[in-house]
Colleague: 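First the structure, then my questions, so here it is.
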Amino acid sequence: MNNPWFLLAAIVAVGVVYVLLPVVVATFLQYRAKRSLRCPEMGTNAEMTVDARRAALTSAVGRPLLRVKSCSLWPERNECRQTCLGLPAEEPEPLRPALL
C-alpha cells in the first residue's frame, strides 16, 4: 500500500456505495409514482408526477429539489407556482365492509 491516493479513492468509493447510493435510490423510489392531490390554486383534483431523477440526484448533497414533471391540469396551468409539491398526496378512501 505505497500509494495513499489509492486508499483515499477506496474510502470515497465505500462512502458512495454505502451512504449516498441508498439515499439516492430511496428518494427516487419515493417520488417516482404518480400522485393524486387537490391543486391549491385551482381547487380541483389533479394527477401529477415529480421529476424523480432530479430529486434523487439532488438528495445526494442535501434536501431534494422537487419540480413537477407532468400535471393533468397542464398545458392550461403550465406556469403555475407548483405549490402542490408541499402537499401530501391524497390517500384513497378505506374500503368499508358492505352491510347485508
Side-chain angles (χ1 to χ4, degrees):
M1 193 75 56
N2 294 334
N3 192 351
W5 293 108
F6 180 75
L7 180 61
L8 183 62
I11 291 171
V12 169
V14 167
V16 166
V17 169
Y18 287 104
V19 177
L20 290 181
L21 190 61
V23 170
V24 169
V25 170
T27 303
F28 179 80
L29 294 176
Q30 178 183 0
Y31 290 111
R32 70 180 174 149
K34 187 176 281 191
R35 297 169 182 253
S36 178
L37 47 82
R38 182 170 294 277
C39 176
E41 294 180 15
M42 297 287 293
T44 59
N45 291 334
E47 287 189 2
M48 54 88 72
T49 56
V50 174
D51 188 355
R53 193 176 93 196
R54 177 187 177 115
L57 292 176
T58 57
S59 71
V61 293
R63 294 185 63 180
L65 296 176
L66 302 179
R67 298 283 182 253
V68 175
K69 185 175 183 181
S70 67
C71 178
S72 62
L73 299 177
W74 288 356
E76 298 87 20
R77 300 286 303 166
N78 195 16
E79 296 298 322
C80 73
R81 295 179 301 192
Q82 300 186 6
T83 55
C84 57
L85 291 171
L87 299 175
E90 290 183 358
E91 297 293 325
E93 299 237 355
L95 295 176
R96 296 189 178 118
L99 298 175
L100 298 175

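Values in this document were obtained by computation on a predicted structure and should not be read as measured data. We count residues from 1, following the sequence as given.
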Colleague: Holding to side-chain contact (heavy atoms from CB on, under 4.5 Å), I want the full list of residues that pass it with Ala33, two or more places apart in sequence or in another chain.
Modeller: none
Colleague: I need the minimum non-hydrogen distance between Leu20 and Ala60, along with the two atoms involved.
Modeller: CD2-O, 3.3 Å
Colleague: Roughly how far, to the nearest 0.5 Å, is CG of Leu73 from OG1 of Thr44?
Modeller: 4.5 Å
Colleague: Evaluate side chain to side chain contact (heavy atoms under 4.5 Å, CB included) for Val68 paired with Val50, printing each intermediate quantity in order.
Modeller: CA-CA 5 Å; Val68 175; Val50 174; 5.9 Å; no
Colleague: Does anything in residues 50-68 pair up under side-chain hydrogen bond (donor to acceptor under 3.5 Å, both in side chains), and if so which pairs, sequence neighbours excluded?
Modeller: Thr27-Ser59
Colleague: Test your reading of the model: is there a side-chain donor-acceptor pair from Arg32 to the backbone of Ala52, 3.5 Å cut-off?
Modeller: no
Colleague: Applying side-chain contact (heavy atoms from CB on, under 4.5 Å), can you list everything that pairs with Thr49, at least two apart in sequence or on another chain?
Modeller: Lys34, Lys69, Ser70
Colleague: Which heavy atom in Ala55 sits nearest to a heavy atom in Tyr31, and how many Å separate them?
Modeller: CB-CD1, 4.0 Å
Colleague: Output the distance between atom CD1 (Ile11) and atom CG (Leu7), rounded to the nearest 0.5 Å.
Modeller: 4.0 Å
Colleague: Please go through Leu8's hydrophobic cluster and name the other residues, only I, L, V, M, F, W, Y counting, with side-chain heavy atoms under 4.5 Å joining them.
Modeller: Trp5
Colleague: Rounded to the nearest 0.5 Å, what separation is found between the CD atom of Glu47 and the SG atom of Cys39?
Modeller: 13.5 Å
Colleague: Does Gln30 have any side-chain hydrogen bond (donor to acceptor under 3.5 Å, both in side chains) partners at least two apart in sequence or in another chain, and if so, which?
Modeller: none
Colleague: Hydrophobic cluster mates of Phe28, side-chain heavy atoms under 4.5 angstrom, ILVMFWY only, any path?
Modeller: Leu21, Val25, Leu29
